[in-house]
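To keep things clear, I will list the structure first and then write my remarks on it.
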There are 2 protein chains.
Amino acid sequence: MQRRNTNQRKLIYEVLKNTNIHPTADWIYEQVRKEISNISLGTVYRNLKVLKEEGKILEINDGKQSRFDARTDKHFHFKCTSCAGIYDIDKEGIIEINDAKLAQMGYFVQDLDVVFVGICYKCKTGEN
Amino acid sequence: MQRRNTNQRKLIYEVLKNTNIHPTADWIYEQVRKEISNISLGTVYRNLKVLKEEGKILEINDGKQSRFDARTDKHFHFKCTSCAGIYDIDKEGIIEINDAKLAQMGYFVQDLDVVFVGICYKCKTGEN
DNA sequence: CTATGTGCAAAGTGTTTGCAAATTT
DNA sequence: AAATTTGCAAACACTTTGCACATAG
């Protein structure tokens with residue numbers, strides 16, 4: 001399939017690249033609406049799906065809603081139980097995995113989803 | 001709130017304890033229906049919520065559906081991309097986490113969700 | 001007896017889709 | 001010109017909820 005580079009698609013991707021809050025489709029829709037006021041939510045969903053297929057963005061499953069992330073290099077997430085914020089955690093030096101043991105058990109790991117759950121600095125110190 | 005031990009609740013919990021497939025609410029509903037034929041899906045959802053509040057079961061978020069797990073001790077999951085099965089992975093000797101570094105970064109970790117994604121033995125060897 | 005739980009059906013929420021018109025290439 | 005994409009609204013899938021009746025304690 002020969003993809004087109006529509007304004008809608010470009011802008012949706014731009015909006016997502018310029019935030020680090022891992023937004024929902026609805027949040028992206030509201031942002032994009034500021035520029036393309038008659039865009040529909042369906043178009044946002046369709047383009048997020050396309051961008052995901054192209055490997056340009058990731059879908060994060062957070063409860064019943066999907067969130068999206070334009071950062072596609074391998075990294076982890078931290079979810080604050082107080083403010084519900086999702087933060088990026090660089091991979092390096094955080095986790096060590098025993099792949100050999102997993103393979104021995106019959107699980108051939110290709111990917112890894114890690115979500116740390118806890119309290120972020122702001123919430124802990126009452127800065128909010 | 002003073003909880004009652006209804007047949008519905010007991011059976012839902014039993015069904016979930018006796019499987020390791022991390023079923024959906026609907027699967028549980030179908031099983032329970034074999035014994036209590038007029039139970040409603042709403043009752044299944046309500047009781048799963050109660051059991052979760054009581055800490056007896058866990059809710060696992062898998063795409064748009066919730067799955068449930070009566071195993072509440074700390075463990076990880078492996079999700080096969082081929083058969084979509086979810087398997088339990090014992091915690092021991094699988095992962096090493098640098099909590100100190102995370103705390104240093106301002107993330108105070110209380111819990112950890114890990115999902116390994118890959119191919120299970122059965123799918124890899126074509127046993128299915 | 002009374003607070004808690006149930007079955008039912010309707011409503012809610014996030015997401016997807018069919019279609020005719022519009023747009024990209 | 002042809003194929004892709006759009007806006008719109010309706011449809012969908014999963015989950016929650018209001019209510020009158022039932023039941024555990």
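Just so we're on the same page: letters track the sequence lines, and every chain starts at 1.
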On the nucleotide [N], are OP1 or OP2 found under 4.0 Å from the side-chain N or O atoms that [X] carries?
| X | N | value |
| --- | --- | --- |
| Asn47(A) | dT6(D) | yes |
| Gln8(A) | dG7(D) | yes |
| Asn5(B) | dT4(C) | no |
| Thr43(B) | dG7(C) | yes |

query = So do Trp27(B) and Val15(B) actually touch side chain to side chain, heavy atoms under 4.5 Å?
reply = yes
[X] has an atom [atom1]; how far is it from atom [atom2] of [N], in whole Å?
| X | N | atom1 | atom2 | result |
| --- | --- | --- | --- | --- |
| Leu48(B) | dG5(C) | CG | P | 14 Å |
| Asn61(B) | dC14(D) | CG | C1' | 12 Å |
| Asn38(B) | dC8(C) | CG | P | 6 Å |

Look at all strands and tell whether [X] reaches a base, only sugar-phosphate, or nothing, counting heavy atoms closer than 4.0 Å.
| X | value |
| --- | --- |
| Ser66(A) | sugar-phosphate |
| Asp26(A) | nothing |
| Arg46(A) | base |

ask   = In terms of ring plane angle, is the pair His22(A) and His77(A) parallel, tilted or perpendicular, where the classes change at 30° and 60°?
value =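 His22(A) vs His77(A) ring planes: perpendicular.
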request  = Specify whether Phe116(B) and Phe76(B) have parallel, tilted or perpendicular ring planes, treating 30° as the upper limit for parallel and 60° as the lower limit for perpendicular.
outcome  = perpendicular
